[in-house]
Number of protein chains: 2
Amino acid sequence: MERRPNIADVARLAGVSTATVSRTLSTPERVGAPTRARVLEAVAASGYRANAAARDLRQRRARAITLLAPNLANTFFSSIIAAVQEVADTAGLTVQISDSQVEGMRLAGLGADGRTDGILLLDGQLDPAMVKGWSVPIVMVCEWMPDATLPSVSTDNVAGARLAVDHLLDLGHLRIACLGGPEGNVLSAARAEGWRAALSARGVSPRPQDLIAGDFTMARGVAAAWDWAAQTDRATAVFCTSDESALGFISECDRLGISVPRDVSVVGFDDIEFSDRFIPPLTTVHQPRRQMGLLAAKQLVSALTEARPLDVAAEVLPSRLVVRASTTSPL
Amino acid sequence: MERRPNIADVARLAGVSTATVSRTLSTPERVGAPTRARVLEAVAASGYRANAAARDLRQRRARAITLLAPNLANTFFSSIIAAVQEVADTAGLTVQISDSQVEGMRLAGLGADGRTDGILLLDGQLDPAMVKGWSVPIVMVCEWMPDATLPSVSTDNVAGARLAVDHLLDLGHLRIACLGGPEGNVLSAARAEGWRAALSARGVSPRPQDLIAGDFTMARGVAAAWDWAAQTDRATAVFCTSDESALGFISECDRLGISVPRDVSVVGFDDIEFSDRFIPPLTTVHQPRRQMGLLAAKQLVSALTEARPLDVAAEVLPSRLVVRASTTSPL
DNA sequence: TTGGCGTATGTAATCGATTACACAAGCTGG
DNA sequence: CCAGCTTGTGTAATCGATTACATACGCCAA
């Protein structure tokens with residue numbers, strides 16, 4: 001494993017100065033044609049690749065943005081990631097994807113160590129003090145932080161939840177349970193609030209037993225099926241605040257001999273890829289994930305390329321209900 | 001947005017040299033206690049964070065490894081990623097996750113730009129010349145490259161496929177179709193080979209129509225259901241070379257009024273999270289994904305920390321069949 | 001008292017690129 | 001014919017940390 005060639009090696013090989021090599025690669029039009037040819041030949045011959053650390057150091061930027069999400073396993077993030085890659089690619093930026101659930105020390109450095117130019121933050125539950133310590137522009141996506149004043153792109157979670165619950169009410173359901181999300185999460189709160197609001201708008205008051213604790217995961221959806229099934233006078237419909245938990249719930253109902261939608265209607269939230277192909281296909285609230293990713297990435301990238309501060313605005317995109325086969329009228 | 005403090009600012013604040021600041025942070029035991037206290041105070045007061053680009057440049061390493069996968073949307077990768085993060089974290093390394101399907105130029109630089117110390121490559125279809133151009137250690141995971149001599153960690157795909165097909169044969173199926181994977185992919189080839197081998201071992205010769213073109217995706221699984229359903233004298237069981245395509249296949253069968261497993265048995269490959277919770281739960285070949293991630297990451301990390309070259313070995317872990325409810329005897 | 005050693009700290013070279021500035025050659029126009 | 005401009009290239013400063021080497025001090029044993 002021999003040493004990587006550096007710019008001086010290339011310069012020597014081409015018989016020019018390092019400055020000329022650098023210019024040939026970054027601003028070719030400022031170099032004479034014969035020289036340029038010699039340099040490019042030397043580059044090819046040596047297999048030279050610029051050292052990013054040296055360039056980042058000198059230019060004080062990294063040509064990279066970081067996407068920071070909790071739990072990359074979540075299928076929900078996939079199309080957002082794809083959209084971000086797309087935008088970054090056309091701007092000549094690299095996307096680094098990192099898990100926001102790793103050890104705190106490493107995270108704190110992330111926004112201040114010169115390795116990234118900007119952050120797309122998909123986790124609303126990080127320590128606000130740490131986030132404030134980051135010295136690069138940040139755009140929040142999907143989630144947001146109630147206190148910190150950061151630009152964000154999200155969907156109208158309250159309205160989405162209302163759409164879902166209104167749909168169930170329209171079908172004639174009166175006892176509608178809500179399978180919640182993680183404690184302290186802004187999405188959990190907003191969706192539960194939408195559920196409550198939709199009910200009270202129709203004069204239905206939610207019973208305490210109808211709010212089932214959850215955490216967005218499939219495993220919790222499975223467990224919730226037992227909780228719900230064990231209740232006397234149980235709800236005839238369940239609004240699950242995530243698709244994953246909805247699918248877990250339905251699957252476990254099936255094993256308990258309870259049929260969806262015949263015995264209980266289920267609505268989800270997110271519209272992940274699998275929902276359309278589940279049996280039964282899941283009625284759910286669709287979030288424009290790709291659009292959110294595009295918008296957030298564009299805001300960040302244009303702030304970076306124009307060296308302009310981000311305006312602290314909360315973009316709220318509409319969500320819509322996708323009615324499939326997991327819901328029907330009671331009885 | 002004021003300038004980030006650098007090590008000289010901290011040194012000035014603490015009344016010491018930059019060398020002492022650096023030593024305080026990396027080898028505290030080599031600095032006197034009173035000085036150390038003053039420096040740490042100055043660090044805290046200024047909010048100083050070391051610039052990673054400068055450190056990487058000087059130390060000629062990045063304290064980071066890169067995980068390079070095609071299509072991060074694929075749920076298959078999640079637990080591998082988690083396992084890798086775990087190993088890297090305990091070694092004090094950062095994990096960068098990148099998409100191997102981005103523009104070629106950027107990819108070529110990845111392995112030679114000093115931003116990463118090693119690569120876990122989950123894509124076997126990259127240009128071998130480019131991969132050879134990378135000057136950091138590489139470990140392939142799941143997939144492998146037939147020609148390049150790179151260390152790899154994978155499961156026995158041929159044996160796994162045989163397990164699946166043997167299971168169907170044991171149930172009494174004689175006409176067993178195979179829904180293939182992407183053209184040119186090593187996994188596709190191995191799994192199809194296992195299918196063929198299992199059949200011929202029992203004296204069954206696969207009919208041409210029984211090999212259905214696929215690409216591992218759910219969408220293709222859906223389309224394949226039509227292809228298969230349109231056949232006369234169709235197979236009574238289908239071995240799908242990926243879970244995603246199996247779920248798509250089953251879902252579309254359901255819509256076509258064909259019931260799984262009553263009318264057709266289906267086996268998948270991968271054992272992704274959803275498979276256990278699908279209706280019906282999917283019989284599939286389980287791959288030890290977490291174990292593969294752990295093993296590959298450990299190999300890479302120990303090569304890095306011991307500055308030892310990787311030994312070019314192909315670790316092949318066993319796969320096993322998980323029998324669930326998507327398979328049964330014909331008629 | 002002095003030579004030798006260990007500890008604590010400072011000085012300055014170094015990593016590899018980019019780029020401000022200097023300079024030389026060639027060209028243009030008055 | 002020369003001032004002034006353009007074009008092409010080289011010289012050297014620079015980014016911010018780490019670290020080899022130098023130095024200064026205190027302590028102990030001979």
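It should be emphasised that the depicted structure is a prediction, and the values quoted were computed from it without experimental measurement.
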For A:Asp127, salt bridge (charged side-chain N to carboxylate O under 4.0 Å, His left out) partners two or more places apart: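 Listed in chain order: nothing, the list is empty.
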Nearest-0.5 Å distance that lies between atom CG in A:Asn74 and atom CZ in A:Phe216: 9.5 Å
CD of B:Glu315 to CD of B:Gln291, rounded to nearest 0.5 Å, is 10.0 Å
Between A:Asp117 (side chain only) and A:Ala62 (backbone N and O only), is there a donor and an acceptor less than 3.5 Å apart?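 Yes.
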Tell me if a side-chain donor or acceptor on B:Arg38 pairs with a main-chain N or O of B:Ala14 at a distance below 3.5 Å. yes
Between atom [atom1] in [X] and atom [atom2] in [N], what is the gap in whole Å?
X       : N      : atom1 : atom2 : value
B:Ile7  : D:dT19 : CD1   : P     : 11 Å
B:Asn51 : C:dG16 : CG    : C1'   : 14 Å
B:Arg60 : C:dT14 : CZ    : C1'   : 10 Å
A:Leu25 : C:dT19 : CG    : C1'   : 14 Å
B:Asp56 : C:dG16 : CG    : C1'   : 12 Å
B:Arg58 : C:dC15 : CZ    : P     : 7 Å
B:Leu57 : D:dT19 : CG    : C1'   : 14 Å

Just to confirm, is there a sub-4.0 Å distance from OP1 or OP2 of [N] to any side-chain nitrogen or oxygen of [X]?
X       : N      : result
B:Arg4  : D:dG16 : no
A:Tyr48 : C:dA17 : yes
B:Arg55 : D:dT18 : yes
B:Gln59 : D:dT19 : yes

Base, sugar-phosphate or nothing for B:Ala19? Non-hydrogen atoms, less than 4.0 Å.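 Base, at least one base atom sits under 4.0 Å.
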Using a 4.0 Å heavy-atom cut-off across all strands, classify B:Arg61 as base, sugar-phosphate, or nothing. nothing
Listed pairs, N/O of protein and of nucleotides 6-9 of chain C, under 3.5 Å:
from	atom 1	to	atom 2	distance (Å)
C:dT9	OP1	B:Thr35	OG1	2.1
C:dT9	OP2	B:Gly32	N	2.8
C:dT9	OP2	B:Thr35	OG1	3.4

Is it the case that the side chains of B:Asn71 and B:Gln101 hold a donor-acceptor pair, with the cut-off being a distance below 3.5 Å and no angle test?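 The criterion, which ignores hydrogens and geometry beyond distance, is not satisfied for B:Asn71 and B:Gln101.
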A:Val21 and its side-chain contact (heavy atoms from CB on, under 4.5 Å) partner, picked from A:Asp9, A:Ile7, A:Val31, A:Leu40: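 That would be A:Ile7.
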